[in-house]
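Shown next, in structure tokens, is the structure this report addresses.
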Amino acid sequence: MATQHSRSAARFMMAPAVILLLGWMLVPLTMTLLFSFKKYLPLRGGDLGWVGFDNYVRFVSSSAFWPSVQATLLIVGGVLVITVIFGVLLALLLDQPMWGQGIVRILVIAPFFVMPTVSALVWKNMFMDPVNGLLAHLWKFFGAEPIAWLSEASMQSVIMIVSWQWLPFATLILLTAIQSLDREQLEAAEMDGASPLARFGYIILPHLGRAITVVVLIQTIFLLSIFAEIFVTTQGSFGTRTLTYLIFQRVLESQNVGLGSAGGVYAIILANIVAAFLMRIVGKNLDA
């Protein structure tokens, strides 16, 4: 049992890391809150004084605000559905014995380590280009007219690109959960005559509850701030302008750091609302 002296020593040794972490988190947040109440134009006079809630009113009264929130939630929801469903299927497939299993697993997980900007460029130029893209040649092979993906199906294209990048993460977490499943339970169900679908629905899927919760929570946190993929592909056009991209545009157009900071506060509020909702609805699996 740890003594009072050892606990004090542990707190003393952890203190520098905790202070550094808190500073790394709190200093930017404090500066964002401070600037959100100011009219700060770095290229046109600098700090022009306190404006109160004017930046918040201007940002939320913009005609693009609610469509950007809707686009953000649509992308997050679409990516979560795709990555969870296909992640479960891929995890089940990779759990089966096969030749070159280790190599296959590495290839499946590899896209997660590709930078978002690079993956978006690859999809934009190599796959979705309506003239020279792989999908265009595939469409022509079957006698169909190629699709200009980024303009005719822009939202679906962005969801596809982001899902391709996050699917390996979901697969890895779910595969780890499947491998921790008690094999004797599956064998007993099989001996009792349970079909593969029944074994999946009554044994495997409930066992994956916590892993799916972790995937949903972690991906949601990162997906709410999606930016690079949209900047590289559609640049916010055709209904793909998320809240993060709207903040970027507002700061770029007005050169007003205060207006962008107010948008950042709205993004933090949205992230907390979504996280609280997920913790109440999905996070209950953690207590199961």
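These values consider heavy atoms only, across backbone and side chains, with no hydrogens, waters or symmetry-generated copies.
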In Å and rounded to the nearest 0.5 Å, what is the [atom1] to [atom2] distance from [X] to [Y]?
{"X": "T72", "Y": "L223", "atom1": "OG1", "atom2": "CG", "result": "10.5 Å"}
{"X": "N132", "Y": "F127", "atom1": "CG", "atom2": "CZ", "result": "14.0 Å"}
{"X": "L243", "Y": "I226", "atom1": "CG", "atom2": "CD1", "result": "12.5 Å"}
{"X": "N125", "Y": "T233", "atom1": "CG", "atom2": "OG1", "result": "10.5 Å"}
{"X": "I212", "Y": "L217", "atom1": "CD1", "atom2": "CG", "result": "12.0 Å"}
{"X": "E152", "Y": "M128", "atom1": "CD", "atom2": "CE", "result": "12.5 Å"}

Please tell me if the side chains of [X] and [Y] come closer than 4.5 Å, counting only heavy atoms from C-beta onward.
{"X": "R250", "Y": "S62", "result": "yes"}
{"X": "V79", "Y": "S163", "result": "yes"}
{"X": "Q235", "Y": "I230", "result": "no"}
{"X": "W50", "Y": "K39", "result": "no"}
{"X": "L29", "Y": "I268", "result": "yes"}

Of the non-hydrogen atoms in [X] and [Y], which two are nearest, and what is the gap between them?
{"X": "S157", "Y": "L150", "answer": "CB-CD2, 3.8 Å"}
{"X": "A228", "Y": "P116", "answer": "CB-CB, 4.0 Å"}
{"X": "P130", "Y": "A136", "answer": "O-CB, 3.6 Å"}
{"X": "I75", "Y": "M155", "answer": "CG1-SD, 3.4 Å"}
{"X": "L33", "Y": "S36", "answer": "O-OG, 2.6 Å"}
{"X": "G239", "Y": "A71", "answer": "O-CB, 3.7 Å"}

Keeping [X] on the side-chain end and [Y] on the backbone end, is there a donor-acceptor pair under 3.5 Å?
{"X": "H207", "Y": "I178", "answer": "no"}
{"X": "K124", "Y": "V232", "answer": "yes"}
{"X": "N55", "Y": "K38", "answer": "yes"}
{"X": "T240", "Y": "S154", "answer": "no"}

If you group Ile, Leu, Val, Met, Phe, Trp and Tyr by side-chain heavy-atom gaps below 4.5 Å, do [X] and [Y] land in one group?
{"X": "V158", "Y": "V122", "result": "no"}
{"X": "F238", "Y": "V76", "result": "no"}
{"X": "V88", "Y": "V216", "result": "yes"}
{"X": "I247", "Y": "I273", "result": "yes"}
{"X": "V51", "Y": "V60", "result": "no"}

Would you say that more than 12 heavy atoms from the other residues, nucleotides or ligands in this model lie under 6.0 Å from the [atom1] of [X], or not?
{"X": "F86", "atom1": "CZ", "value": "no"}
{"X": "L26", "atom1": "CG", "value": "yes"}
{"X": "F231", "atom1": "CZ", "value": "no"}
{"X": "Q70", "atom1": "CD", "value": "no"}

Stepwise side-chain hydrogen bond (donor to acceptor under 3.5 Å, both in side chains) check, T234 with R241: CA-CA 9 Å; T234 63; R241 180 165 52 187; over 6 Å; no
Intermediate values then yes/no, side chain to side chain contact (heavy atoms under 4.5 Å, CB included), I147 and L135: CA-CA 8 Å; I147 300 175; L135 295 178; over 6 Å; no
Option from V162, L167, I159 for which side-chain contact (heavy atoms from CB on, under 4.5 Å) with I82 holds: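 With I82 as partner, V162, L167, I159 yield a single side-chain contact (heavy atoms from CB on, under 4.5 Å), made by I159.
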Parallel, tilted or perpendicular: ring planes of W139 versus W149, cut at 30 and 60 degrees: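 Judged by the thresholds at 30° and 60°, the geometry between W139 and W149 is perpendicular.
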Pair Q219-L80, side chain to side chain contact (heavy atoms under 4.5 Å, CB included): steps then yes or no: CA-CA 7 Å; Q219 287 192 174; L80 288 179; 3.4 Å; yes
Proximity of Y56 and F59 rings by center, below 6.0 Å: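 Centroid distance Y56-F59: not below 6.0 Å, so no.
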Full working for side-chain hydrogen bond (donor to acceptor under 3.5 Å, both in side chains) between S119 and E229: CA-CA 8 Å; S119 64; E229 295 87 343; 5.2 Å; no
